[in-house]
Asks: 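Got a structure here, written out as structure tokens. Questions coming.
Below, read A as the first sequence line, B as the second, and so on, with proteins coming before strands; counting in each chain starts at 1.
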Amino acid sequence: MKPTAATAAEISTAVNDWYAHSARDLPWRGAEVTPWAILVSEFMLQQTQVERVLPRWLAWMERWPTASALAADEPGEAVRAWDRLGYPRRALWLHRAAVEISERHGDTVPQSVDALLALTGIGPYTARAVAAFAYGERHPVVDTNTRRVIARLVHGRAAAGMPAPADLADMESLLPRAPEAAAVFNAAAMELGATVCTARAPRCDACPVAAWCEWRGAGYPDNAPEKRPKQARFAGSDRQVRGRIMALLRRSAHPVARAEALEVAAVGGVADQEQPQRAYDSLIADGLIIEADGQARLP
DNA sequence: AAACCGGGGTT
DNA sequence: AACCCAGGTTT
């Protein structure tokens, strides 16, 4: 059946009401949480699921409760504490951001989107997320979950296409006027996509806006855009080989010989003869490895 | 615009 | 085996 037309206010109110009693109880959503703690959560949550982030975030905040505390430690310690969250460059960038916050912002996470964008490792999503969730600023915050919710609910599509500037305009058109309600809706739309309007098997019976959903109303057409780039396979990739080297360095209390690092890189197989050296060199280029006198160590 | 960057869980 | 994930940087 065709969905009943709904106003933006009806949608945001329904989603916010649902969020009030259905949201997961995540520690970075508490009232006492600092902007720094929220910034750390956003770094960790980039392309990484909530369940995997939780224990790492708790340990991180215990150890480095402020940006200056992290900045005072070695970057390598951040990489070590990052553990297996993936994309270890994020740990390095978070440490750099901590130094920048400590040195340029008096140990206070900046509030404006522009100032946040100037920090290392913060892009359009994270800047708006921190401004909205840490400071209550009214900005559209659009992640992969929100894009999918909007694609289905508003556009009647099975999945979102490539990220586009229109995503922000779409979200803006649904965003409540009041900053407080807007911040809640940003989180609520995300939560809806993460727990109900999921990519694989959406639970429409639990959705507060199912009656207004264009995709549901159209009979769930399989009209997903074809242009989504297929991600490269992980097995046998340089990324996997880099991961082996990083795992070795994380567990090593002392520098390791380059030869040992290259040997470990090949354990489990390589795509070609040059792959271990190529992965090793790329880690040096990224600043994740420091090499001196034939020894490799964390920065 | 496309490539690259982890790693674990789900289907 | 393919897909998915609170993205960002580089070319």
Side-chain angles (χ1 to χ4, degrees), chain A residues 19 23-24 26-29 37-57 79 82-94 96-97 116-134 139-149 158-165 167-168 171 183 185-195 197-202 224 227-250 265 268 275 278-279 281-283 285-288:
Chain A
Y19 182 78
R24 292 167 294 179
L26 304 177
W28 47 83
R29 285 176 176 165
I38 291 173
L39 185 151
V40 172
S41 78
E42 293 298 346
F43 263 85
M44 291 185 170
L45 288 162
Q46 289 167 7
Q47 294 286 285
T48 309
Q49 294 89 337
V50 164
E51 306 76 51
R52 293 181 55 208
V53 164
L54 262 171
R56 291 295 107 226
W57 181 85
V79 173
W82 198 257
D83 198 29
R84 314 186 93 179
L85 280 181
Y87 297 124
R89 294 189 296 188
R90 290 185 295 166
L92 214 49
W93 292 341
L94 178 52
R96 285 180 197 159
L116 286 162
L117 279 172
L119 297 175
T120 300
I122 292 192
Y125 164 77
T126 305
R128 289 180 177 81
V130 171
F133 301 145
H139 297 290
V141 180
V142 180
D143 77 328
T144 186
N145 292 304
T146 303
R147 295 199 318 112
R148 182 175 55 251
V149 169
M162 294 292 290
D167 297 337
L168 287 181
M171 186 62 175
F185 183 65
N186 278 318
M190 227 178 274
E191 183 80 350
L192 188 66
T195 65
C197 193
T198 53
R200 297 287 184 89
K227 284 309 293 176
R228 294 190 49 164
K230 48 196 177 295
Q231 63 186 36
R233 105 170 50 245
F234 179 64
S237 68
D238 284 8
R239 296 158 77 167
Q240 183 179 42
V241 175
R242 282 166 55 104
R244 292 175 191 151
I245 298 174
M246 292 308 298
L248 169 65
L249 293 181
R250 283 198 308 269
Q275 193 173 34
R278 186 168 65 244
D281 289 343
S282 74
L283 288 170
D286 284 346
L288 286 164

Asks: If each of A:A199 and A:T126 is mapped to the nucleotide of DNA chain C with the nearest heavy atom, which maps nearer the 5' terminus, i.e. the 5' end?
Replies: A:A199

Asks: Identify, residue by residue, the members of residues 87-94 of chain A with a heavy atom below 4.0 Å from DNA chain C, and return them in order of residue number, or none.
Replies: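 Close to the strand are A:R89, A:W93.
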
Asks: With sequence neighbours excluded, what pairs up with A:R233 under the salt bridge (Lys or Arg N to Asp or Glu O under 4.0 Å) test?
Replies: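 Salt bridge (Lys or Arg N to Asp or Glu O under 4.0 Å) list for A:R233, sorted by chain: empty.
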
Asks: Base, sugar-phosphate alone, or nothing: which one does A:R148 contact when heavy atoms must sit under 4.0 Å apart?
Replies: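 If one applies the 4.0 Å heavy-atom cut-off, A:R148 turns out to touch the sugar-phosphate alone, with no base involved.
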
Asks: Do A:R242 and A:S282 have a side chain donor and acceptor closer than 3.5 Å?
Replies: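 The criterion, which ignores hydrogens and geometry beyond distance, is satisfied for A:S282 and A:R242.
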
Asks: Identify the 5'-most and 3'-most nucleotides of DNA chain C with at least one atom closer than 4.0 Å to a non-hydrogen atom of chain A.
Replies: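 Contacts span C:dA2 to C:dT9, reading 5' to 3'.
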
Asks: Between A:Q275 (side chain) and A:G236 (backbone), is there a donor-acceptor pair under 3.5 Å?
Replies: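 Side chain of A:Q275 to backbone of A:G236, a donor-acceptor pair under 3.5 Å: yes, one is there.
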
Asks: For the pair made of CE in A:M246 and C1' in B:dG6, what is the distance, rounded to whole Å?
Replies: 11 Å

Asks: Closest nucleotide of DNA chain C for A:L26 versus for A:L117: which of these residues is on the 5' side?
Replies: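 The residue closer to the strand's 5' end, by nearest nucleotide, is A:L26.
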
Asks: Tell me: CG of A:D286 to C1' of B:dC4, nearest whole Å?
Replies: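 Computing the A:D286:CG to B:dC4:C1' distance gives 10 Å.
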
Asks: Show every donor-acceptor pair shorter than 3.5 Å between a side-chain atom in residues 123-130 of chain A and any protein atom, with sequence neighbours excluded, or say none if there are none.
Replies:
from	atom 1	to	atom 2	distance (Å)
A:Y125	OH	A:E42	OE1	2.9
A:T126	OG1	A:Q46	NE2	3.0
A:R128	NH1	A:P124	O	3.2

Asks: Using the test salt bridge (Lys or Arg N to Asp or Glu O under 4.0 Å), find all partners of A:D83 that sit at least two apart in sequence or belong to another chain.
Replies: A:R56

Asks: Give every pair of a protein N or O atom and an N or O atom of nucleotides 9-11 of chain B that lie under 3.5 Å apart, one pair per line with the distance.
Replies:
from	atom 1	to	atom 2	distance (Å)
B:dT11	O4'	A:R200	NH1	2.7

Asks: Hey, does A:G86 reach any base, or is it just sugar-phosphate, or nothing, if we go heavy atoms under 4.0 Å?
Replies: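 The answer is base, as A:G86 lies within the cut-off (heavy atoms under 4.0 Å) of a base atom.
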
Asks: Can you tell me how far P of B:dC4 sits from CD of A:Q275, to the nearest Å?
Replies: 12 Å

Asks: Considering only atom P, compute the distance from C:dG8 to B:dG8 and round it to an integer number of Å.
Replies: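 Approximately 23 Å lies between the P atom of C:dG8 and that of B:dG8.
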
Asks: Rounded to whole angstrom units, what separation is found between the CD atom of A:Q240 and the P atom of B:dC5?
Replies: 12 Å

